[in-house]
Chemist: 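I'd like to ask you about the structure that follows.
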Number of protein chains: 2
Amino acid sequence: MEYTPPPKPQLSSRANAFSIAALMSSGSSKDKESPESTIKPLEQFVEKSSCAQPLSDLSSLDPHGDFSSSPSSLCTEPLIPTTPIIPSEEMAKISCSLETKELWDKFHELGTEMIITKSGRRMFPTIRVSFSGVDPEAKYIVLMDIVPVDNKRYRYAYHRSSWLVAGKADPPLPARLYVHPDSPFTGEQLLKQMVSFEKVKLTNNELDQHGHIILNSMHKYQPRVHIIKKKDHTASLLNLKSEEFRTFIFPETVFTAVTAYQNQLITKLKIDSNPFAKGFRDSSRLTDIER
Amino acid sequence: MEYTPPPKPQLSSRANAFSIAALMSSGSSKDKESPESTIKPLEQFVEKSSCAQPLSDLSSLDPHGDFSSSPSSLCTEPLIPTTPIIPSEEMAKISCSLETKELWDKFHELGTEMIITKSGRRMFPTIRVSFSGVDPEAKYIVLMDIVPVDNKRYRYAYHRSSWLVAGKADPPLPARLYVHPDSPFTGEQLLKQMVSFEKVKLTNNELDQHGHIILNSMHKYQPRVHIIKKKDHTASLLNLKSEEFRTFIFPETVFTAVTAYQNQLITKLKIDSNPFAKGFRDSSRLTDIER
DNA sequence: GTATTCTCACCTAGGTGGGAAGTT
DNA sequence: AACTTCCCACCTAGGTGAGAATAC
């Protein structure tokens, strides 16, 4: 039951918060303290997305609903953004697959929850993706963000073990991008190794200074993976328009942010599949007498 | 006594072995398995060094000899390489200081030893440097290597607690470069943050496949730090000639590679200053009775 | 009542030198 | 006799959910 990542070599990752400005100006900024004021809204990316699903279509709460009918973890279909933008022929070739799909599917069947804390909590399962169709000689920036699925707030009805709409969403929080810390990648690297977002952390602290992704508790979210082809001579935010984007969404990775697990089956699956929670597995807990 | 690095923000580092070819072709190769055959001899870099001390002058074994008379950890003097090469005006401005000088000095007084193992052992103390005089807008590759100080093999005379020459050096080993895994750096990053080589590992395994630095046991070595200004359009080994180099040597970081500590005072200083060895400090060891 | 925060035992992952055992 | 290898107890560093305490 414990989840062990497949043998494909992985790139390590380091926690890393980026503003678009820093990203574009240095090409590979590793500064951890990008000032909050320079972080630009997600929409700058969304408008250029080539594979972005209209998020209003993703609002099903039923864990056996729209998402579970998604046949594949490979996102290759160009979807219709509000302002349709056709990717270049070259970018259209790129595909991206979710390496951890099996485990995500198990969680998705139950209704995935992710803990958010003040200091930041990792996601489990981890988002790990592989790319194909990239140019081995080119350089790419790979990043992740997490966007609201709908405009609702939820609560969990323990007596019937299901999620209910509890009202309108809380005010939106500062949108943050998690640029994969090994960016920029060469296309050659992307073809050889999977990209793991294991170090990304989620927080409910609106004033977070660590660059973690800020979410509202009891709201439903969709992680997204973006890839940008980097041009060597682009060195400022102004050149952002000339970058080329693709956005990939894996519907089985949708989750509800919580400060404590609601569904006990989710707790059990986390304990059984996350190596760090091994101490809570039945066989290793001390009984009252042993203690 | 325990050494805590100063508060200046650090860049994390990841283990990383580079061939020059990979370094130059991708700009920032993160491939961990550079084929041995592509690793080029150190001399490609040495010939371009602007601050390389003639290593034959560094052969003193007496821990109170030449090195301790070195007045400063700031290496700014251009020294005379075999083929003198004048650094560009711009590169000549760069200076580099050893952030961990105080601790290195303590070890150097006793005669620093570094453990080498088959699987690779970290250095302690760690080499941590700060740069000044770099161009904030430029990109730099920062790397480290470790070169023999002389052509001798040594042994330790326990009864007199001193090192003796034991003969001629063993055959030289494949020279390896440790490119700092956060390379390339922007000049801006280098001015803000120190560069730490904490992840570099030393091995005595000539067939090492992990990219660790290979050393002969009972030989004396000098670590060196190199900085290369990276030009965006250079993308192959052929362009290496057009890169600009500076090399910095901190004589207080010279050490003898060993498979087990020889000088008990070195062991004691390691135990007292390396947090990972805390278990061996007097106060925390169990007596026979307690055990 | 519901949601959040905090501390804790219990893990993973991996860096230490000691010391026994092995090699040359 | 000198040197190397291997396993080990003991650390650092930090990721888990439980459950009590607190906040709203």
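A, B, ... follow the sequence lines: proteins, then strands. Residue 1 opens every chain.
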Chemist: Starting at atom CG of Asp272(A), determine the distance to atom C1' of dA18(D), rounded to an integer number of angstrom.
Modeler: 15 Å

Chemist: Spell out, as yes or no, whether a donor-acceptor pair under 3.5 Å connects the side chain of Arg281(B) to the backbone of Ile271(B).
Modeler: yes

Chemist: If each of Ile271(A) and Ala260(B) is mapped to the nucleotide of DNA chain D with the nearest heavy atom, which maps nearer the 5' terminus, i.e. the 5' end?
Modeler: Ala260(B)

Chemist: Can you measure Leu215(B) atom CG to dT4(D) atom P for me and round it to whole angstrom units?
Modeler: 12 Å

Chemist: For a quick test of reading the model: is some side-chain N or O of Asn204(A) closer than 4.0 Å to OP1 or OP2 of dT5(C)?
Modeler: yes

Chemist: Can you tell me the distance, in whole Å, between the CD atom of Glu113(A) and the P atom of dA3(C)?
Modeler: 12 Å

Chemist: For nucleotides 21-24 of chain C, list the nitrogen or oxygen atoms of the protein found under 3.5 Å from its nitrogen or oxygen atoms, one pair per line.
Modeler:
none

Chemist: Write down the protein N/O and nucleotide N/O pairs, taken from nucleotides 12-15 of chain D, whose separation is under 3.5 Å; answer none if there are no such pairs.
Modeler:
unit_1  : atom_1 : unit_2    : atom_2 : d
dT12(D) : OP1    : Lys278(B) : NZ     : 2.8
dG15(D) : OP1    : Lys201(A) : NZ     : 3.3
dG15(D) : OP2    : Lys201(A) : NZ     : 3.2
dG15(D) : N2     : Phe276(A) : O      : 3.0

Chemist: Assign Thr267(B) to base, sugar-phosphate, or nothing according to its heavy-atom contacts below 4.0 angstrom with the strands shown.
Modeler: sugar-phosphate

Chemist: For Arg155(A), what residues pass the salt bridge (Lys or Arg N to Asp or Glu O under 4.0 Å) criterion, not counting sequence neighbours?
Modeler: none

Chemist: Could you give the CD1-to-C1' distance, from Ile266(B) to dG18(C), as a whole number of Å?
Modeler: 17 Å

Chemist: Residues two or more places apart in sequence or in another chain: which of them pass side chain to side chain donor-acceptor pair (under 3.5 Å) with Asn205(B)?
Modeler: none

Chemist: If I take atom CD in residue Gln262(B) and atom C1' in nucleotide dT4(D), what distance separates them, rounded to the nearest angstrom?
Modeler: 11 Å

Chemist: Suppose we screen for salt bridge (Lys or Arg N to Asp or Glu O under 4.0 Å). Which residues come up paired with Lys268(B), at least two apart in sequence or across chains?
Modeler: Asp272(B)

Chemist: Closer than 4.0 angstrom, basic N to acidic O: yes or no for Glu252(B) and Lys101(B)?
Modeler: yes

Chemist: Rounded to whole Å, how long is the line connecting atom CG of Leu164(A) with atom P of dA3(C)?
Modeler: 11 Å

Chemist: How long is the line joining CD1 of Ile116(B) and C1' of dT4(D), in whole Å?
Modeler: 10 Å

Chemist: Here's a test of your reading of the structure: between Lys118(B) and Phe124(A), which maps to the more 5' nucleotide of DNA chain D?
Modeler: Lys118(B)

Chemist: Applying side chain to side chain donor-acceptor pair (under 3.5 Å), name anything that partners Tyr261(A), two or more places apart in sequence or on another chain.
Modeler: Lys270(A)

Chemist: Considering residues at least two apart in sequence or located in another chain, which fulfil the side-chain contact (heavy atoms from CB on, under 4.5 Å) criterion with Ala260(A)?
Modeler: none

Chemist: State which residues pass side chain to side chain donor-acceptor pair (under 3.5 Å) with Asn204(A); sequence neighbours excluded, sorted by chain then number.
Modeler: none

Chemist: NA contact type, Thr117(A), heavy-atom cut-off 4.0 Å: base, sugar-phosphate, or nothing?
Modeler: nothing

Chemist: Within the structure, does a side-chain N or O atom of Ser217(B) lie under 4.0 Å from either OP1 or OP2 of dT4(D)?
Modeler: yes

Chemist: Residues two or more places apart in sequence or in another chain: which of them pass side chain to side chain donor-acceptor pair (under 3.5 Å) with Glu113(A)?
Modeler: none

Chemist: Please state how far atom NZ in Lys270(B) lies from atom P in dG15(C), giving the value in whole angstrom units.
Modeler: 15 Å

